[in-house]
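Here is the structure we will look at.
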Number of protein chains: 2
Amino acid sequence: MRILLVEDEPEMVSALRAALKRHDMVVDHAGSLLEAEGFVAVDGYDAILLDRQLPDGDGLTLVPKLRAAGNTTPVLMLTARGDTADKVDGLDMGADDYLAKPFAFEELLARLRALLRRPAAIETQTIRAGHLSLDVGHREASIRGEPLALPRRELLVLEALMRRTGRMVQREALMEAVFGLDDEIQSNALDTHVSRLRRKLSEADGGVVINGIRGVGYLLRETT
Amino acid sequence: MRILLVEDEPEMVSALRAALKRHDMVVDHAGSLLEAEGFVAVDGYDAILLDRQLPDGDGLTLVPKLRAAGNTTPVLMLTARGDTADKVDGLDMGADDYLAKPFAFEELLARLRALLRRPAAIETQTIRAGHLSLDVGHREASIRGEPLALPRRELLVLEALMRRTGRMVQREALMEAVFGLDDEIQSNALDTHVSRLRRKLSEADGGVVINGIRGVGYLLRETT
DNA sequence: CTTTGAATGCGTATCCTACTGGTCGAGGAC
DNA sequence: GTCCTCGACCAGTAGGATACGCATTCAAAG
């Protein structure tokens with residue numbers, strides 16, 4: 001689950017980033033409109049958290065640009081102002097939801113979950129494969145009802161794979177789903193996580209296997 | 001634009017109906033959960049406005065039923081209660097948005113418009129031939145839904161051929177598609193890949209054959 | 001203590017080369 | 001027109017080099 005956070009106030013950034021990370025989301029951060037445009041042009045995010053007050057303009061102006069470019073990523077606007085006229089503006093410009101500061105973080109999360117559910121509305125909140133089930137919203141994996149404790153990175157790998165059960169996930173795509181834009185990772189860290197995940201899944205009899213396909217990527221299959 | 005309004009208070013109903021009608025929306029009205037289920041089962045709506053307080057129960061209970069039945073119609077919850085915990089519940093049950101009474105009608109409209117802007121189906125370019133299908137974007141081949149693990153080079157051959165199913169692909173063109181501009185290859189490497197691919201396709205009953213035409217190139221045909 | 005990324009060594013799938021046998025078609029002799 | 005011969009091209013198999021992925025270990029970071 002990849003989120004782009006567009007916000008300039010440092011303490012807000014670190015607070016949100018920490019909170020989102022705690023919910024196992026991969027967060028990229030842009031401090032300005034310009035930066036945000038750069039990120040968005042290159043990458044696919046599951047959602048965008050967008051502050052209105054940015055150093056180089058009103059965050060709201062970003063949304064029509066996105067939509068015009070065919071980008072349908074859900075956008076959740078954040079703002080200090082909270083009156084109705086503002087909300088209407090925001091939503092009409094193409095934002096998908098609108099949240100006024102100060103807000104309860106719980107509400108932010110809930111709205112985010114709602115947004116994230118929509119594009120992939122076909123699947124329910126919980127994805128299943130083999131004896132595995134994954135509650136995407138609450139970040140819980142379980143095997144035959146037994147909860148399975150998974151570290152953050154492994155969970156991200158599993159989620160990315162389960163979202164496409166039985167279908168290919170390109171190595172590159174998986175990298176992005178797990179590490180975001182952290183190019184700093186130059187090792188076989190991904191392989192490591194896949195490996196660890198594999199072991200846990202087989203030990204716990206998850207009813208699935210992760211196939212690796214050389215030069216292409218990975219593929220999670222059910223062992224029926 | 002067809003809206004299902006699930007609400008029991010008469011004056012609310014008439015007010016909303018009039019207002020929505022003024023914005024060129026077609027409104028069906030259900031006064032109870034039971035009635036709503038009936039409507040939903042039969043008709044396709046673009047969105048559902050759902051009150052929580054209904055004579056025969058909490059409106060919220062309708063949402064999981066819908067989702068379980070594969071219905072992905074956007075749901076906008078209406079409620080008198082407006083605290084965060086309630087919102088979280090509503091959104092987690094699968095509602096797409098949540099609005100507390102009293103609300104500004106403008107905001108309702110704006111949120112509704114946001115919901116109705118459904119994300120376009122994700123374009124995944126898949127080519128088909130015989131029982132074969134190839135997801136070009138994800139670099140994945142499958143036969144009758146069963147994923148077929150193909151190494152990189154073979155996949156490239158297959159892609160190049162499937163892009164021109166039933167038509168000739170010149171040997172030279174195929175070389176370039178598979179090896180790029182690597183002139184370093186001076187052997188019959190291409191033939192070996194074609195050979196391996198042939199075997200896999202026939203073993204897995206792909207419903208296609210690769211014909212070789214002397215002095216010209218290759219040609220993928222469906223064996224119908 | 002758990003989690004994570006880097007580093008290491010091993011095993012093997014993949015890929016190119018090389019070789020062999022097969023097929024096709026052109027051209028000439030009858 | 002028919003048949004034969006020859007050469008070019010193609011299909012398939014085998015083998016070795018390489019790169020890739022896997023598992024594991026280790027140290028640092030939270």
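The sequence lines fix the lettering, A, B, ..., with proteins before strands; numbering per chain opens at 1. Please read all numbers here as calculations on a predicted model, not as lab measurements. The figures here come from the full heavy-atom set of this structure, side chains too, leaving out hydrogens, waters and symmetry mates.
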### Query
Looking at A:Arg111 and A:Asp96, does any basic side-chain N land under 4.0 Å from a carboxylate oxygen?
no
### Pairwise side-chain contact, A:Arg171 with A:Asp191, heavy-atom cut-off 4.5 Å (strictly under)
yes
### Query
According to a strict under-4.0 Å criterion, is B:His193 in side-chain N/O contact with OP1 or OP2 of C:dC16?
yes
### Message
Taking side-chain contact (heavy atoms from CB on, under 4.5 Å) as the criterion, tell me which of A:Asp28, A:Val27, A:Val26, A:Ile3 meets it with A:Tyr45.
### Response
A:Asp28
### Query
Any side-chain heavy-atom pair from B:Lys200 and B:Pro151 closer than 4.5 angstrom?
yes
### Query
A:Leu190 CG to C:dT4 P: how many Å, rounded?
13 Å
### Message
Distance check needed: D:dG12 P versus B:Glu203 CD, whole Å only.
### Response
12 Å
### Message
Any non-hydrogen side-chain atom of A:Leu112 less than 4.5 Å from a side-chain atom of A:Met25?
### Response
yes
### Message
Rounded to whole Å, please give me the gap between CZ in A:Arg153 and C1' in C:dA6.
### Response
14 Å
### Message
So does A:Gly207 get a backbone contact from the side chain of A:Thr223, meaning a donor-acceptor N/O pair under 3.5 Å?
### Response
yes
### Query
Using 4.0 Å as the upper bound for N to carboxylate O, is an ion pair formed by A:Arg221 and B:Glu146?
yes
### Query
Quick one: are A:Leu201 and A:Leu158 in side-chain contact, heavy atoms under 4.5 Å?
yes
### Task
Could you tell me whether the side chain of B:Val157 reaches within less than 4.5 Å of the side chain of B:Leu190, counting heavy atoms only?
yes
### Query
To the nearest Å, how far apart are B:Arg152 CZ and C:dA13 C1'?
13 Å
### Message
Among residues 210-221 of chain A, which ones have heavy-atom contacts with DNA chain D below 4.0 Å?
### Response
A:Gly212, A:Arg214, A:Gly215, A:Tyr218
### Query
Which parts of nucleotides 23-30 of chain D does protein reach within less than 4.0 Å, heavy atoms only, written one letter per nucleotide 5' to 3' as B for base, S for sugar-phosphate only and - for none?
BB------
### Query
With a 4.5 Å limit on heavy-atom distance, are the side chains of A:Leu49 and A:Leu20 in contact?
yes
### Task
Strictly below 4.0 Å, heavy-atom distances to any atom of DNA chain C: list the hits from residues 165-174 of chain A, or just say none.
none
### Query
Quick one: does A:Glu159's side chain get under 4.5 Å of A:Val178's, heavy atoms only?
no
### Task
Would you kindly give the NZ-to-P distance between B:Lys200 and D:dA11, to the nearest whole Å?
17 Å
